Amino acid sequence: MPGVGKTQIILQFTAEYRKMHPGRHVFFLDATEKENLVQGFQTMHKLIRLPREPHQDVIIEVVRQWLVQHEKWLLLVDNVVRSDIVRPF
């Protein structure tokens, strides 16, 4: 359903969420392509200041483990056109 304003709704929700929950992590991923998701996980890795990892697969797994082990975060995934791109993440 491109072009109906979903991204704008997500951005509005995110702004309200941050006001209501200061100090919580909010992550926004673009799922248009697999490469965008990988880049998003790399950005998340830097933002939460995890130890440096040499390979993107390790970075993705470390971030996933961090999400499992922590509370008080919100992960928004936008532009999901194909679920097979997002599912492995």
Side-chain angles (χ1 to χ4, degrees):
M1 269 191 327
V4 296
K6 295 178 299 298
T7 300
Q8 207 52 36
I9 291 169
I10 287 174
L11 294 174
Q12 282 181 291
F13 174 81
T14 302
E16 291 299 317
Y17 182 87
R18 284 187 170 145
K19 287 179 192 174
M20 293 171 45
H21 306 287
R24 291 190 180 187
H25 293 282
V26 178
F27 305 107
F28 186 86
L29 298 178
D30 176 17
T32 307
E33 299 288 335
K34 179 182 176 184
E35 293 76 24
N36 297 33
L37 286 169
V38 169
Q39 184 178 19
F41 270 83
Q42 291 169 339
T43 300
M44 289 170 64
H45 187 269
K46 290 176 188 172
L47 289 172
I48 52 183
R49 300 174 189 203
L50 293 170
R52 188 166 185 207
E53 298 292 343
H55 302 288
Q56 74 181 24
D57 292 340
V58 176
I59 289 172
I60 292 167
E61 186 56 35
V62 167
V63 170
R64 288 178 67 201
Q65 287 302 313
W66 185 92
L67 293 171
V68 168
Q69 296 170 359
H70 291 81
E71 298 177 349
K72 300 183 179 180
W73 54 265
L74 176 64
L75 175 60
L76 302 161
V77 183
D78 195 20
N79 298 318
V80 178
V81 178
R82 296 177 34 210
S83 62
D84 62 310
I85 292 174
V86 179
R87 194 171 290 121
F89 292 87

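What you are looking at is a predicted structure, and each value in this text was computed from that prediction instead of being measured.
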When you group the ILVMFWY residues by side-chain heavy-atom contacts below 4.5 Å and let the links chain together, are [Y] and [X] in the same group?
X   : Y   : answer
L11 : W73 : no
V62 : L75 : yes
I85 : I10 : no
V63 : V26 : no

Sequence neighbours excluded, every pair satisfying ring-ring contact (aromatic ring centres under 6.0 Å, His included) that has a member inside residues 19-41: Y17-H21, H25-F27, H25-W66, F41-F89

Check this for me: Q69, atom CD, are more than 12 non-hydrogen atoms of other residues, nucleotides or ligands nearer than 6.0 Å? yes

H70 atom NE2: more than 12 heavy-atom contacts under 6.0 Å: yes

Do E61 and Q65 have side-chain atoms, one donor and one acceptor, less than 3.5 Å apart? yes

Is there side-chain contact between [X] and [Y], with heavy atoms separated by less than 4.5 Å?
X   : Y   : result
R24 : L74 : no
M44 : L29 : yes
T32 : V81 : no
L76 : T14 : yes
N79 : T7  : yes

Just how far is it from atom [atom1] of [X] to atom [atom2] of [Y], taken to the nearest 0.5 Å?
X   : Y   : atom1 : atom2 : answer
R82 : R87 : CZ    : CZ    : 11.0 Å
K34 : L37 : NZ    : CG    : 9.5 Å
I48 : T43 : CD1   : OG1   : 11.0 Å
D30 : D78 : CG    : CG    : 6.5 Å

What are the two closest non-hydrogen atoms of I59 and Q42, and how far apart are they? CG2-CA, 4.1 Å

Looking at every heavy atom in both A31 and V77, which two are closest together, and how far apart are they? CB-CG1, 3.6 Å

Residues that E35 engages under side chain to side chain contact (heavy atoms under 4.5 Å, CB included), provided they are two or more places apart: E33

